[in-house]
Amino acid sequence: MPNILVVAEHFNGQLRKASRSALGAAGALAARTGGQVSGLVVGYRVGGVAEDLAAHGIPVAVVDLPALTHYLSESYAPVVAAAARAAGATWVVGAATAQGKDLLPCVAALMGGVCATDAIAFTGEGQEVLVRRPMWAGNVLADVELRGEIKVVSIRATEFAAAEKAGLPGSVKALPVAVDESAIRTRFIAFAGSGGDRPDLTEARVVISGGRGTNGDFSEIEALADLLNAAIGSSRAAVDAGWAAGDLQVGQTGKVVAPEVYIAAGISGAQQHLAGMKGAKVIIAINTDPEAPIFQVADYGVVGDLFEVLPALRSLVAASQKQGT
Amino acid sequence: MPLKILVTSKRVEDPEALILVKADGSGIETQGLSYRINPFDEIAVEEALRLKEEHGGEVVVASIGAADCVSEIRVALAMGADRGIRVDHEGPLDPGMVAAILQKLVEGEQPDLVILGKQSVDDDQNQVGQILAQRMGWARATFASKEESLESTAEKTRQCGLRLAADGTSIRVVREVDGGLETLELSLPAVITTDLRLNIPRITSVPGIMKARKKPVREIQVEELGIELQPAVIVRKLHSPSKRGGGLRVKTVQELWDKVHGEAGVL
């Protein structure tokens, strides 16, 4: 049976929202292939994450070891491979996060399988399942055939509906896997978070991004983000200039986001930026240049200075919140 | 301690170019397209050169493809790499095939470090470094970046973002991960893939280009490497993405608010 293993990811002891989308993608795949979907949680003190994953109605294997406290592809890939074998999985699915993109090709290499990155849909006719994925910064979509016993796919979380919790939770079972720490040649040294108290860029309902037009001043973007509990993003130009942290870059080579509302402030809209945000439900663009390409994808465009438009918008939002409308 | 570094230099379509799918979906329209070194590989070459300038050693640049990809090898040589290897190959390649070829080159060259772009801007697969590291059983770090911005003094003075330990047996890498930056320490030999913020690649100079012409580029046939390559990721059909509607202009912020809040019901 072509079973499907979903590799879940967690951050600060919480199941990542992107992993719920990976579970949703696995469900869509199972509808085609007929296999059983199960989940895997790897880490240390991750029992709660495993329970949360199992609440979606799938059996979950958990590998909970001190040696797995910090994610490293060297230590995690063999664990995932062992779990995939134990589950009889021929498909391994995870989210195309930084971790997923790092880990899943290693899993494929270890299992002699084949990997596809950034899947946005499963296509093909009848028995044959093809993976649709973007190429050339999203200018082209390709339907690819994966030829191999083991197929490993990272999915773009914005393109698949997150799985819902089920009435009856699945089982959680510890999978006995040993980690040979002496064989690990990569060591974790430190992690420096950049987000502060703001919601995760890839999970936020509202994202406000700043570009070259901010001239390095993100204060108006921050003020509106505070009011809307929004995540802050940026264009590549703003990151390169050192105005925003690297992991806030929205685009094909950065983060791909699909919030309910995306506000692009002072961003011209290079192709690779558009590839990272055009999945947003509503796009608002603010730019002084009426010819900026961002206006072609924006649902609402305002030609103007972001330092005038954002404060004006903020007072309207504040007044509306006060009235409770 | 001198380092021997293998870097890659893939020939890709200019990322600024407009890419159009052929009507039958069998490929992209290549007429009039210009080509260049994959921008992420260019960053890899730059970092390798900085490491060599600080610690000594040798930078070997490899590319896989038909005769025309020699021009991308020459770009890396003009930047300062010492010699090139072109593995002759016509037709489609997938990440597993590329990693298998690179593995053979690594076994032959035995570098201390392999530095390559995190992805190429044509296929956007982001897999080769990971697969290579896994097959070699080497330490690895993808998405190498640095704490300092590209406007910083550290960058302006061309400091290495990758920090070799004093005893030369390990290297520290700052990675761009979800929610921040992570620092890893890799025992050498190791595989590192580069992200955008690791450095700003140098511009080739006329003397550099002149010198590059005399640098050796070895040509190898895939058969000589003793491997059989079978593609496992097969592109069956290409499509153009559907265009997003949009383009509505509003004149005032009040009008924007009426539309967004009133009509669309968001914010």
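A quick note: this is a predicted structure, and the numbers were derived from the prediction, not measured. Note that these values count all heavy atoms, side chains included, but never hydrogens, waters or copies made by symmetry. Throughout, protein chains are lettered first and strands after them, A, B, ... in sequence-line order, and every chain is numbered starting at 1.
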Engaged part of B:Pro95 at the chain A interface, taking heavy atoms whose separation is under 4.5 Å:
neither
Check whether any side-chain N or O of A:Asp143 sits under 3.5 Å from a backbone N or O of B:Lys237 as a donor-acceptor pair, and report yes or no.
no
Taking A:Trp136, A:Tyr300, A:Trp243 one by one, which has the highest count of heavy-atom pairs under 4.5 Å against chain B?
A:Trp136
When only pairs under 4.5 Å are counted, which of A:Leu130, A:Val239, A:Asp118, A:Leu103 shares the most heavy-atom pairs with chain B?
A:Val239
Under 3.5 Å, side chain of A:Asp247 to main-chain N/O of B:Glu176, donor-acceptor pair present?
no
Can you confirm whether A:Leu316 sits close enough to B:Gln254 that some side-chain heavy atom of one is under 4.5 Å from a side-chain heavy atom of the other?
yes
How close do B:Arg249 and A:Val303 get, counting heavy atoms only, and between which atoms?
NH1-CG2, 3.6 Å
With only heavy atoms counted, which part of B:Ser152 is less than 4.5 Å from chain A, the side chain, the backbone, both or neither?
neither
The interface call for B:Lys118 against chain A, heavy-atom contacts under 4.5 Å, is side chain
Let me know if B:Arg197 has heavy atoms under 4.5 Å from chain A in its side chain, its backbone, both or neither.
side chain
Under 4.5 Å to a heavy atom of chain A? For B:Thr142 that would be both
Examine whether an atom of A:Asn139 lies under 4.5 Å from a heavy atom of chain B, and if so say whether it belongs to the side chain, the backbone or both; otherwise answer neither.
both
Quick one, B:Lys243 and A:Gln296 - any side-chain contact, counting heavy atoms below 4.5 Å?
no
Heavy-atom cut-off 4.5 Å, strictly under: side chain, backbone, both or neither for A:Gln272 against chain B?
neither
I want to check something: taking the side chain as every heavy atom from C-beta on, are B:Val177 and A:Phe191 in contact at a cut-off of under 4.5 Å?
yes
Under a 4.5 Å heavy-atom cut-off, does chain B meet the side chain of A:Lys151, its backbone, both or neither?
neither
Can you say whether B:Pro189 sits under 4.5 Å from chain A via the side chain, the backbone, both, or neither, judging by heavy atoms?
both
Sub-4.5 Å side-chain heavy-atom contact between B:Gln130 and A:Leu104
no
Going by heavy atoms in the side chains, are A:Arg133 and B:Asp124 under 4.5 Å from each other?
yes
B:Leu256 portion near chain A, given a 4.5 angstrom heavy-atom threshold
side chain
Under a 4.5 Å heavy-atom cut-off, does chain B meet the side chain of A:Ile184, its backbone, both or neither?
neither
Does any heavy atom of chain A fall under 4.5 Å from the side chain of B:Glu13, the backbone, both, or neither of them?
side chain
Heavy-atom distance under 4.5 Å to chain A: side chain of B:Glu185, backbone, both or neither?
both
Heavy-atom proximity to chain A below 4.5 Å, by part of B:Val21
side chain
Which bit of A:Ala312 is near chain B, if near means a heavy-atom gap under 4.5 Å: side chain, backbone, both or neither?
both
Decide yes or no for B:Val233 and A:Leu146: does some side-chain heavy atom of the first lie under 4.5 Å from some side-chain heavy atom of the second?
yes
In terms of heavy-atom proximity below 4.5 Å to chain A, should B:Gln134 be classed as side chain, backbone, both, or neither?
side chain
Most heavy-atom pairs under 4.5 Å with chain B, out of A:Ile286, A:Val317, A:Leu141, belong to A:Leu141
Need one label for B:Ile28: side chain, backbone, both or neither, based on atoms under 4.5 Å from any heavy atom in chain A.
side chain
